[in-house]
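Please read the structure below before turning to the comments.
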2 protein chains.
Amino acid sequence: MSASRSTTRLRLLDSSAELFRRNGYTGTGVKQITVEAKAPFGSLYHFFPGGKQQLAAEVVRTEGARYARTFALVQVEDVAAGIRAWFAGAAAVLSASGFADACPIATLALEVASTDEALREVTAEVFTSWIDQAEARFVEAGIDTPRARALAMSAIASLEGAFILARTLRDTAPIINAGEIVADAVEQALLY
Amino acid sequence: MSASRSTTRLRLLDSSAELFRRNGYTGTGVKQITVEAKAPFGSLYHFFPGGKQQLAAEVVRTEGARYARTFALVQVEDVAAGIRAWFAGAAAVLSASGFADACPIATLALEVASTDEALREVTAEVFTSWIDQAEARFVEAGIDTPRARALAMSAIASLEGAFILARTLRDTAPIINAGEIVADAVEQALLY
DNA sequence: GTCTCGCTAGAGCGATCTATCAAGAAGGAG
DNA sequence: CTCCTTCTTGATAGATCGCTCTAGCGAGAC
């Protein structure tokens, strides 16, 4: 009932999140999702009448918000050190998952960018919120707004690109390296 | 014959490259490729007995090499200016293609990273060659090797990440911004 | 001519894709 | 109890997936 309702729904979301992140959107079948979630096939269309697309949209939103919350770990005092630590943490997670768990939405975002306008907009909202949040944190640390925005955009871009390289090369070096470069740039900006 | 042989083969490669770049690997069907290439379906398996995977591997290699050649436009004298110009060019191409043509292999690379070891290795070779080439150029410009390597890795990562953001947000700002930040970092490194 | 061979051409295979549908199980409300 | 809603369950549809296979075309070799 209301209890099992939420569990099944949540299991479907969790399994979808994992499969989309690892195998992509078109690379994941709805049947595969229900098997992984140990949910009856029909339940997927009960909870998500919009089908795979609606499921993906909810996954992108919830995983995007969840990921944004981890950014809060970057403390305002000594932002640069916080950035290095955060990137090191992301590298550890990636390595521990066999180079599977990087960005929760990147693969899907690239897949739908030119093929599914509705999903593209959802991914855009998530990336924008991440950039906004990073910008706010840089401003808080004392960097003027235009420079903070440029740094924030660059930080997210560096992270995403480092994830691509790390997953492809099966090496966390690109992530650690990106953390260094981003932290250096922030330290540089703090001098003015 | 030998003439038509090569044209059909090349048309298949060209169409595959475009479709993989825009719609991804799993998002592109072999039938779709032959239609786009105006090639008979059977010809695909005549020229590429290994099927979709072999076709993708050749596409990644050839497009990777072709893209690497465009890096040569970054002149050694005033590397930073060359980088800004190169990123601006990439932004123009992306915009002109309706935000479809960014990195020729990024979407595919993310899709296969955890699902197809053979293709993953091919994408890894391409990314590595790009990093090596950028590093060589930075060394040539007078940056010491370890720093040049770090900068090169960061430059490629920034580019890839900026492409994700630009395609998703339908805005070239992330690319221009990434060019600025990378160029700044290179200028900074040249001071030592 | 006739033979050979590279290539064209597309029907068709089994599997898988997303999605629909109808039937039933499990409680809460009256 | 009956009624009603919520959720489970899986069979099934219809399309598409990657791929195989056979038949035939057409130009050069002889």
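Reminder, nothing fancy here: chain letters follow the sequence lines and each chain counts from 1.
- Residues forming a side-chain hydrogen bond (donor to acceptor under 3.5 Å, both in side chains) with Asp132(A) (at least two apart in sequence, or on another chain): Arg149(A).
- Glu111(A) contributes a side-chain N or O that, together with a main-chain N or O of Thr26(A), makes up a donor-acceptor pair within less than 3.5 Å.
- Counting to the nearest Å, the P atom of dA19(C) and the NZ atom of Lys52(A) are 8 Å from each other.
- Partners of Ala185(A) by side chain to side chain contact (heavy atoms under 4.5 Å, CB included), not counting sequence neighbours, listed by chain and number: Leu151(A).
- The side chain of Thr8(A) places an N or O atom within less than 4.0 Å of a non-bridging phosphate oxygen (OP1 or OP2) of dT8(D).
- Contacts with DNA chain C (heavy atom under 4.0 Å) in residues 36-44 of chain A: Phe41(A), listed by number.
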Acceptor/donor pairs from residues 30-37 of chain A side chains to any protein atom, 3.5 angstrom cut, sequence neighbours excluded:
unit_1   : atom_1 : unit_2   : atom_2 : d
Gln32(A) : OE1    : Gly29(A) : N      : 3.2
Thr34(A) : OG1    : Lys31(A) : O      : 2.7

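- Evaluation of the salt bridge (Lys or Arg N to Asp or Glu O under 4.0 Å) rule for Arg21(A) yields Asp101(A) as partners, not counting sequence neighbours.
- Applying the side-chain hydrogen bond (donor to acceptor under 3.5 Å, both in side chains) test to Glu121(B) and every residue at least two apart in sequence or in another chain returns nothing.
- Under the rule for a salt bridge (Lys or Arg N to Asp or Glu O under 4.0 Å), Arg170(A) has no partner lying at least two apart in sequence or in another chain.
- Distances shown here put a side-chain N or O of Tyr45(A) below 4.0 Å from the OP1 or OP2 atom of dA19(C).
- Computed from coordinates, the Phe47(A) CZ to dT5(D) C1' distance equals 13 Å when rounded to whole Å.
- Atom P of nucleotide dC5(C) and atom NE2 of His46(B) are separated by 13 Å, given to the nearest angstrom.
- Spacing between atom CD1 of Ile33(B) and atom C1' of dC19(D) amounts to 13 Å, rounded to whole angstrom units.
- At a non-hydrogen distance threshold of 4.0 Å, Lys31(B) from residues 15-32 of chain B come into contact with DNA chain C.
- Atom P of nucleotide dC7(C) and atom CZ of Arg11(B) are separated by 13 Å, given to the nearest angstrom.
- The aromatic rings of Phe71(B) and Tyr67(B) lie perpendicular to each other, with more than 60° between the two planes, well past the 30° mark.
- Under the rule for a side-chain hydrogen bond (donor to acceptor under 3.5 Å, both in side chains), Gln188(B) has no partner lying at least two apart in sequence or in another chain.
- Distance Leu55(A) CG to dC17(C) C1': 15 Å, rounded to the nearest Å.
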